[in-house]
Amino acid sequence: MGTIGPMTTAAKQGKKSRILLVLGLVMVSVGIALLGWVGWQYWGTNTVSKRAHQQIAAEVIRDWEAGKTPVEGVGLLRIPRFGENYEVPILDGDDDPTLARGVGRYLEGGDPGQIGNLVLSGHRVTHGEPFRNFLELRAGDEVIVETKTHIYTYVLSQDGDETRVPFTTSWPLWPVPDPEAEGEKPTAAKVTLVTCAELFRTNDRNVVVGTLAKTVEKPNRTDP
């Protein structure tokens with residue numbers, strides 16, 4: 001019976017090749033999974049969310065025309081700077097599930113058209129990216145909010161790339177959205193739009209503030 005000697009060079013090379021092959025397959029699998037995740041985040045979620053935007057907006061309009069209060073959606077947001085067909089539902093709340101279905105309204109903020117600060121937040125990328133072109137906003141642009149009973153037109157007072165604040169900055173949520181107005185009571189109807197300052201991970205937010213300039217009352221409808 002022969003003795004078992006040291007592993008030959010060929011055997012060592014064979015074992016090393018098998019290890020490298022396994023590692024290579026693992027890395028390829030991880031790469032494919034990562035690409036799939038990125039593809040879903042930056043394309044898949046947009047497809048799903050834009051479809052949800054359209055569906056919710058259509059349901060809101062249908063309920064309004066029938067004199068009903070929509071099950072979800074407190075209004076519709078239109079910003080001419082973003083295109084003549086731009087229309088996104090405004091939903092109560094600003095958590096991730098809400099922002100995946102429309103633009104979120106800060107619950108402790110003001111109501112559309114009323115004295116106070118109507119705070120609306122939305123994604124710049126993923127989940128329908130309703131605020132993708134946020135930095136293109138300019139002072140004087142209109143922000144139009146339609147509810148069941150009225151159409152409110154706000155006019156922005158600054159550009160979209162003018163004001164950038166950290167996550168922890170709270171003045172955009174105040175009743176008077178001004179860093180020098182802490183504790184002051186509101187005397188005007190304001191709108192504040194908030195979104196991520198950068199397309200990928202960021203600790204900052206871009207902010208624009210507008211003032212109500214026009215109110216149009218819609219034809220009266222009686223709830224059934």
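Just the heavy atoms: all of them, side chains too, but no hydrogens, waters or symmetry mates, feed the values below.
There is no path of hydrophobic side-chain contacts, each under 4.5 Å, that joins V143 to V155. Hydrophobic clustering keeps V119 apart from I144 (ILVMFWY residues linked when any side-chain heavy atoms are closer than 4.5 Å, directly or through intermediates).
The two residues H53 and P130 make their nearest non-hydrogen contact at CE1-CD, 4.4 Å. The two residues P166 and D204 come nearest to each other via the heavy atoms CA-OD1, 3.4 Å. Taking both residues in full, the closest heavy atoms of S121 and D94 are given as OG-CB, 3.7 Å, listed atom of the first, atom of the second, then distance. Pairing each heavy atom of L212 with each of G113, the nearest pair is CD2-O, 3.7 Å. Nearest heavy-atom pair, V74 versus T147, reported as atom, atom and distance to 0.1 Å: O-CG2, 3.9 Å. Across every non-hydrogen atom of G102 and V88, the tightest pair is CA-CG1, 3.9 Å.
Side-chain contact between E184 and P175 is absent, with no heavy-atom pair separated by less than 4.5 Å. Counting heavy atoms from C-beta outward, E129 and F134 have side chains that stay 4.5 Å or more apart. In this structure, the side chains of I56 and P70 stay at 4.5 Å or more apart for every pair of heavy atoms. Between L135 and R124 the shortest side-chain heavy-atom distance falls below 4.5 Å. Taking the side chain as every heavy atom from C-beta outward, K148 and T69 approach each other to under 4.5 Å. Counting only heavy atoms from C-beta outward, the side chains of T98 and D92 never approach each other to under 4.5 Å. Using a 4.5 Å cut-off on side-chain heavy atoms (C-beta onward), D161 and R138 make contact. In this structure, W171 and V165 have side chains that are in contact, with non-hydrogen atoms separated by less than 4.5 Å.
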Between K214 and E142, is the salt bridge (Lys or Arg N to Asp or Glu O under 4.0 Å) condition met? List the steps. CA-CA 10 Å; K214 181 180 179 182; E142 293 182 341; over 6 Å; no

Under the side chain to side chain contact (heavy atoms under 4.5 Å, CB included) criterion, do I61 and E87 qualify, and how do the steps go? CA-CA 11 Å; I61 293 173; E87 181 180 76; 4.1 Å; yes

For side chain to side chain contact (heavy atoms under 4.5 Å, CB included), just list the numbers for T192 and W174, CA-CA rounded to whole Å, side-chain angles, deciding distance to a tenth of an Å, and then say yes or no. CA-CA 10 Å; T192 300; W174 295 349; over 6 Å; no

Would V145 and L77 satisfy side chain to side chain contact (heavy atoms under 4.5 Å, CB included), going step by step from the backbone distance to the final call? CA-CA 5 Å; V145 175; L77 175 66; 4.2 Å; yes

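The CD1 atom of I151 sits 11.0 Å away from the CD atom of E217 when rounded to the nearest 0.5 Å. Once rounded to the nearest 0.5 Å, the distance linking CG of L193 with CG of L120 reads 6.0 Å.
Remark: side-chain polar atoms of N206 are paired, donor with acceptor, to backbone N or O of T163 under 3.5 angstrom. Without hydrogens or angle criteria, T195 side chain to G122 main chain gives a donor-acceptor distance under 3.5 Å. Under a 3.5 Å cut-off, the side chain of R105 and the backbone N or O of G73 do not form any donor-acceptor pair. A distance-only check finds a donor-acceptor pair linking the side chain of N117 to the backbone of P172 [under 3.5 Å].
Ring planes of Y86 and F82: perpendicular class, angle over 60° (limits at 30 and 60°).
Residue Y154 is tested with L118, I79, T211, V209 for a side chain to side chain contact (heavy atoms under 4.5 Å, CB included); the sole match is L118.
Under 4.0 Å is where a charged nitrogen must lie from a carboxylate oxygen, and between E146 and R78 at least one such pair does.
No hydrogens or angles considered: nothing links the side chains of K218 and T149 as a donor-acceptor pair under 3.5 Å.
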